[in-house]
Amino acid sequence: MPQPPTTITDELGIALSNLADSATGILTPTLRLGVTGLSRAGKTMFITSLIHNLLTQGRLPGFSPLAEGRFIGAKLADYPDATIPRFAYEQHMAALTGRPATWPESTRRISQLRIVLKFQSAKWWAGFSGPATLNLDIVDYPGEWLLDLPLLGKSFAEWSAEALERARQPGHADEAATFLTELDSTDVLKDASDLSAEHLASAFTTYLRRSREHGALSTLPPGRFLLPGDLEGSPALTFAPLPRPNQPIRGNSLYAMLENRYEAYKAQVIRPFFRDHFARLDRQVVLVDTLRALNTGPAAVADLETALTSVLACFRQGEANPLLRPFSRRIDRILFAATKADHVHHTSHDRLEAILNRLVGNASKRARFAGAETKSLAIAAIRATSEGTIREQGETLPTLIGTPQAGEELDGTTYDGKTEIALFPGDLPERPDSLFENGQPVALNFLRFTPPQKLETNADGEVVLPHIRFDRALDYLIGDWMA
């Protein structure tokens, strides 16, 4: 799939924005890091952990600037775009360190944050120039909005045909029943009315929400229907897919109205989002909730693969050209991260990475062909479990030790959010392809855990966030910029 089309005006705006960034970064370069994740992939936790570990110089043995003693410190700074809300780092940390500790709320709108890093370069001339600084800019946004990017390359008729085909598949019969009934009773060539549009949009939104609950991702666009932000109730979000009629379409028909609203959604919502954020990234981390898809079943795994391939095809990838960077940026390095690695035993982490590689295989090949580097890791930005063993029927089994969230159920037991347990999580398959072949879900004992309730502190009294391979992820994403 090609990248989303941009107009000459879009490209001019992108070039001017990049030029402005370069002009303000003559003395202090700026690295724009995209932290991308589909729904419930742990994006807020990744960003919070990233900021906290840099501010407190956390336990990051795999982060080369810190391991080599060259990392001096970090501080938060004002973001250059005053129109975007600030990422709520302090509030997220307050939730994680509260009594009891709770996970922060998921992202519901766009936000941003800049952190300034000071370090001693390892280059030979660094002794003459003194410490160096780097602005690290991060933009956070709901994962559902990602799924809108492929719509930029689709007409209303094309999107409608794909959406209706999915809705009519046997696996979506219950979720889409109300919407399809509403659609079947609607004459798309009748005179347009806001009431008819609202009924269709409401039924379609309900279908999308039910699909998300059952693990579907590629069926979700338009993403703002699920998390509308400031657009809730606006005409830009009041449309639905319609079958294209065989008769001529009148300009005042319901079909014409919804087609116009779809095009307005692309022009006024998706395109500015792509232009102002995605077209100006230097590095990208793609967080994937692989375990949730595995636990839901093969259909969810295949759907996740489709969604990731579609979304990643929209990014501007390729080897960065220092001469063109003042005008045009490219994502030259992508990290694919399977999150929640603390929900399986470490002996399954290599299998989790292999499954992730299978899911992002097509997207990764396309990125490397364009000139970008890629890497896959199984990580936990904030570790919620520890590991142990149990004896069962004469066999020693590896276990996870943690506190399931209130309401979680397993084998007839409903947990209260206070009781710590030892759990054998099950084994991931050795062959990732088997997930797409046998039609059966992976037998995982998958529970959502509370955050760690007792956190260690460092010598300065600052909280230490436990993690899995987060230092390696951080080094891959920004370590070379601090060399």
| query | Can a salt bridge be assigned to the pair Arg224 and Asp148 using a cut-off of 4.0 Å between side-chain N and carboxylate O? | reply | no
| Under 6.0 Å between ring centres, would you say that holds for Phe119 and Phe71? | no
| query | So does Glu353 pair up with Arg358, basic N to acidic O under 4.0 Å? | reply | no
| task | Please confirm whether the backbone N or O of Ile334 pairs with a side-chain atom of Gln284, one donor and one acceptor, at under 3.5 Å? | result | no
| field | Residue pair Leu33, Leu50: steps toward the side-chain contact (heavy atoms from CB on, under 4.5 Å) verdict | value | CA-CA 11 Å; Leu33 175 63; Leu50 183 152; 3.9 Å; yes
| Atom of Leu477, atom of Leu31 and distance for their closest heavy-atom approach | O-CD2, 4.2 Å
| task | Check whether the side chains of Asp475 and Ser64 place a donor and an acceptor atom closer than 3.5 Å, and report yes or no. | result | yes
| message | Contact between Gln317 and Arg330 at the side-chain level, heavy atoms closer than 4.5 Å - yes or no? | response | no
| query | Less than 4.0 Å between a side-chain N and a carboxylate O, is that true for Arg351 and Glu430? | reply | yes
| query | Which atoms form the tightest heavy-atom contact between Phe424 and Asn445, and what is the distance? | reply | O-ND2, 2.6 Å
| said: For a 4.5 angstrom cut-off between non-hydrogen side-chain atoms, does Arg114 reach Leu76? | reply: no
| field | Arg333 charged N/C atom sitting above Tyr476 aromatic ring, 6.0 Å / 45° | value | yes
| request: Check whether more than 12 heavy atoms from other residues, nucleotides or ligands sit under 6.0 Å from atom CD of Glu387, and answer yes or no. | output: yes
| Considering residues at least two apart in sequence or located in another chain, which fulfil the side chain to side chain donor-acceptor pair (under 3.5 Å) criterion with Glu263? | Lys266
| Mind checking whether Tyr79 and Val139 have side chains closer than 4.5 Å, heavy atoms only? | yes
| query | Any side-chain heavy-atom pair from Ile390 and Thr399 closer than 4.5 angstrom? | reply | yes
| query | Judged by atom type as modelled, is there a donor-acceptor pair below 3.5 Å linking the side chain of Arg70 to the main-chain atoms of Ser121? | reply | no
| request: Indicate whether the side chain of Thr107 and that of Asp140 have a donor and an acceptor atom separated by less than 3.5 Å. | output: yes
| Has the side chain of Glu158 got a donor or acceptor atom that lies under 3.5 Å from a matching backbone atom of Ser155? | yes
| remark: Contacts of Tyr262 meeting ring-ring contact (aromatic ring centres under 6.0 Å, His included) (sequence neighbours excluded), chain-then-number -> Phe156, Trp159, Phe239
| note | Nearest heavy-atom approach of Arg209 to Phe225 is NH2-O, 3.8 Å
| note | Looking only at heavy atoms, the pair that brings Ser376 and Val360 closest together is OG-CG2, 4.5 Å
| note | Sorted by chain and residue number, the side chain to side chain donor-acceptor pair (under 3.5 Å) partners of Arg469 (sequence neighbours excluded) come out as His349
| field | Salt-bridge criterion met for Asp81 and Arg86 (N-O under 4.0 Å) | value | no
| query | Between Leu38 and Asp289, is a side-chain contact (heavy atoms from CB on, under 4.5 Å) present by the stated rule, with each step listed? | reply | CA-CA 8 Å; Leu38 297 176; Asp289 190 355; over 6 Å; no
| field | Check: Arg212 side chain, Leu208 main-chain N or O, donor-acceptor pair, under 3.5 Å | value | no
| Distance-only, no hydrogens or angles: does the His172 side chain make a donor-acceptor pair with backbone N or O of Glu175 under 3.5 Å? | no
| request: Using a 4.5 Å cut-off on heavy atoms from C-beta on, say whether the side chain of Phe449 contacts that of His343. | output: yes
| task | Please lay out, stage by stage, how Glu456 and Arg59 fare under the test salt bridge (charged side-chain N to carboxylate O under 4.0 Å, His left out). | result | CA-CA 11 Å; Glu456 296 181 34; Arg59 293 174 184 170; 2.9 Å; yes
| request: May I ask you to check whether over 12 heavy atoms, not counting those of Gln169, lie within 6.0 Å of atom CD? | output: yes
| How about Ile382 and Trp103: do any of their side-chain heavy atoms sit closer than 4.5 Å? | yes
| query | Taking Trp145 for the side chain and Leu227 for the main chain, is one N or O donor matched with an acceptor at less than 3.5 Å? | reply | yes
| message | Heavy-atom count check: over 12 atoms from other residues, nucleotides or ligands less than 6.0 Å from Gln453 CD? | response | yes
| query | Ser160 side chain to Leu242 main-chain N or O, any donor-acceptor pair under 3.5 Å? | reply | yes
| query | Rounded to the nearest 0.5 Å, how far does CG of Leu474 lie from NE2 of His467? | reply | 9.0 Å
| query | Is the closest side-chain heavy-atom distance between Phe470 and Leu465 below 4.5 Å? | reply | no
| query | Should we say atom CG of Asp350 is surrounded by more than 12 heavy atoms from elsewhere, each under 6.0 Å from it? | reply | yes
| query | Can you check whether Pro466's main-chain N or O pairs, donor with acceptor, with Arg383's side chain at less than 3.5 Å? | reply | no
| Hey, is the main chain of Thr306 close enough, under 3.5 Å, to the side chain of Ser310 for a donor-acceptor pair? | yes
| query | Rounded to the nearest 0.5 Å, how far does CG of Leu117 lie from CG of Leu54? | reply | 5.5 Å
| field | Glu373 side chain vs Arg368 backbone, donor-acceptor pair below 3.5 Å | value | no
| message | Could you report the tightest heavy-atom contact between Pro452 and Ala101, atom names first, then the distance? | response | O-CB, 3.8 Å
| In terms of side-chain heavy atoms, does Asn135 have a donor or acceptor partner in Thr28 at a distance below 3.5 Å? | no
| Does the side chain of Thr403 pick up a donor-acceptor pair with the side chain of Tyr415 at under 3.5 Å? | no
| query | What are the two closest heavy atoms between Pro272 and Ala267, and how far apart are they? | reply | CD-O, 3.3 Å
